[in-house]
Amino acid sequence: MSRTPQRFYLTTPIYYATGEPHIGHAYTTFLADTVARYHRQAGAQVHFLTGTDEHGQKIQEEADRRDLKPIELCDEMAERFREAWEHLDISYDRFIRTTEAEHIRVVQAFLNRLNDRGLIYEDRYSGWYCVHEERYWTEKDLGQERSCPECGRPVREIEEKNYFFRMSRFQEELIQHLETHPEWIVPKARQNEVLGFLQKPLSDLSISRPRSRLSWGVPLPFDEDHVTYVWVDALINYVTASGAIRPDSPPGEQGFEDVSGSWWPADLHIIGKDILTTHAVYWPTLLLGAGLPLPRKILSHGWWVVGETKMSKSLGNVVDPLELEEEFGKDAVRWYLIREMPTGHDASYTPERFLARYEELANILGNLASRVLSMVDRYRGGEIPSAEADGLAAKEKALVERYREAMDALRVHEALGAGMEMAREANGYVETQEPWTLAKDPNRSRELDETLATLLRSLAVVAGLLFPVMPAKMEELARRIGLDGVPTLEALSSLNLAGREVERGSPLFPRKETEVS
Ligand code: ME8
C-alpha cells in the first residue's frame, strides 16, 4: 500500500518578474519538481504550481527603468521563466501569472469576503517601506543603520491612507495551530522561529496602496482609488490555481464554505527562508479570515551562498545554472543542487563541490551502468539472462525504505543519498562476485546469470529512485536496460527483466577533466 496521498498539490513561490531566473529560483523549482515526480512515481495525482509575481512597486520601477510598460516587462519575464523551466524539465502542471484576469477576480472576491466579515478597516499608515522586499517596516525594525533589515537597502518614509486587515485577531488561533501541528513548518527550527515571532503582539496588516502613488496592482473591489498590496495579491495565487473559488458566482456560492472538488488546501508550499513570515503568518491569517483551510505543510529551505557571501545580483556573484548546464547537462545541475544542500539548511556553492558531486555520478552511477551493460553484452550477447535477481534483495529493501522515509519527511538530499547508495552497493557486489572469473568457468554459468540479473535489477531500482531528480538520464538508463519507461516504486516489486536487450551506448555521465568556475 502506498503511504503517499492519492492527490498532492504543491507550489513554488511565484517569482518576481523583474529579473532573470537564477540558481536560487532553480533550486526551489528543482526541489519542487523532484517532490512532484516522487509523488507521481508513487501513484498520486499531482498538481504542481509555479508562476510569476507581476504587480507592485518593484515591477513598476523596473519597467520604468527599462522604458517599458509594466505588462510588457511581465510578458517578457514570464516567458523567460517558462522557457527556463521547460528547458530544465520542470514538470509543472500550471504556470500562473498574477496579471491573469481570473486571478484578479479571485483576489477581489477574497477581499470582498474579508470585508463582508468585518475584517477590513481604513486608517492612516505611517512608517517605512522597502521596495526591493515590498515590505513595511517600523521605526524599531530599521535599527541603527536605518536601512531594510532584510536586504540592507535604503527605505522610504510613507504616510498615507491604507486599508488594514485585522491580522491581530488571528494571533491566538495561529499559535494554536502551530502548537497542535508541530511539523507544520519544516525544518523544525523555522517552526520555532515563527512561534518566537508570535510571542510579540501581532499588528494588523496594511493591504492596500493609494492608486495615486502606485497604480500597478489589483484595484480594491470596494475602493477603486486603492490597489491591493502585492504580497496579499501574490499569496492568493495558491488559491486561484487550486480552482476553489468561483469569483463570478454570487456571494455565498463562491466556494469559500466548501473547497471539495478543488485542489485546496495545498499539501505543500515550498519557499525559501526569506519569505517565511509572509507564508507562515500573513497567509494563514488571511486564510483564517476568509474561512478557508490552511495549507498542510510549508517547507522553508535554506539559502545558497557563494563561499561565505549571500548570492546577490548586486554583488555580481550569482551563479547561472544554465551556464553549468551547457557544460555538464541539466541533470547534473539538478543532482548537484538537490543532493548537496541538506534540505532546509544553507549550502555554499563552490566549483570544487560541484565537480565532486559530478564525479559521484560519473564514477559510481555511470561506471556501474557502463560495466554492467558491457558485461551483459560480452557474456550474454546483450540479452538479460533469466535467473534469480535477488543477490542484493535485503540491501534493496532497506534502501528503498530509507528513500521513501526521507522523501516523505522532506529530507530530499538524504533520499537521493539512499538512491546513490544502491549504486554503490551494486558496484561492491561486482567486486565480490567477480563476474569475469565466473565467466571463465562453464560450471558457474548459473551463478553468472544470477549475478548479471541482480545487477540489472539494481540499475532498474536506481533509475526508479533517482528519476525524480534526474528524469532525462534515468529515462535513458531505463531504455538502455530494455524498459519502455522508468518503473514506478510499486512496479519494482514485480519487475521482470529477463530476455530484454540492453544497449551499451556511450557513458551516461562522461568523465570531465575541465575546471568549473
Ligand atoms: O520573494 N538560495 O520572489 P523572488 C535559495 N515574489 N533560494 C533562493 C535564493 C538563494 N540564494 N534566491 C532566491 C519573491 N531563492 C516573491 C514570492 S510567493 C507568493 C511570492 C528562491 O523572485 C527562494 O525560493 O524574490 C526564495 O524564497 C525565492 O527564490 C524568492 O524569489
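What you see below is based on every heavy atom in this structure, not just the backbone, and it leaves out hydrogens, waters and symmetry mates. Each ligand, and each atom within it, is numbered from 1 in the order the structure gives.
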Cation-pi check for W85 against R82: NZ or CZ below 6.0 Å from the six-membered ring centre and within 45 degrees of the axis, yes or no?
no

With respect to atom 27 (O) of ligand 1, which of I271, D53, D274 exhibits the smallest heavy-atom separation?
D274

Ligand 1 and W304, any nitrogen or oxygen pair closer than 3.5 angstrom?
yes

Ligand 1 to Y238, heavy atom cutoff 4.0 Å, flagged ligand atoms 18 (S), 19 (C)

Would you call the rings of H269 and W283 parallel, tilted or perpendicular if under 30° counts as parallel and over 60° as perpendicular?
tilted

Pull out every atom of ligand 1 sitting under 4.0 Å from any heavy atom of T28, numbered as shown with elements.
21 (C), 23 (C), 24 (O)

Of I236, I14, D346, which has the heavy atom at the shortest distance from atom 17 (C) of ligand 1?
I14

When you measure from the centre of the six-membered ring of W263, is the NZ or CZ of R7 under 6.0 Å away and within 45° of the axis?
yes

Classify the ring geometry of Y336 against W304: parallel below 30°, tilted from 30° to 60°, perpendicular beyond 60°.
tilted

With heavy atoms of G302 as the reference, note each atom of ligand 1 found under 4.0 Å away.
5 (C)

Closest to atom 15 (N) of ligand 1 (heavy atoms only, candidates A26, G24, G19) is G24

Which is closest to atom 29 (O) of ligand 1 by heavy-atom distance: H25, K58, E134, H301?
H25

Minimal heavy-atom distance between Y238 and P13, with the atoms involved, is OH-CA, 3.6 Å

When only distance counts, is H279 in polar contact with ligand 1, meaning an N/O pair under 3.5 Å?
no

Geometric cation-pi criterion K161 and Y125, 6.0 Å radius, 45° cone
no

Using a 4.0 Å cutoff against the non-hydrogen atoms of A234, which atoms of ligand 1 qualify?
19 (C)

Give a yes/no on ligand 1: does K273 have at least one heavy atom closer than 4.0 angstrom to it?
no

So, E61 and R156, do they make that salt bridge, N to O below 4.0 Å?
yes

Does the N or O separation between G272 and ligand 1 drop below 3.5 Å for any pair?
yes

Salt-bridge contact D33-R334 (side-chain N to carboxylate O under 4.0 Å)
yes

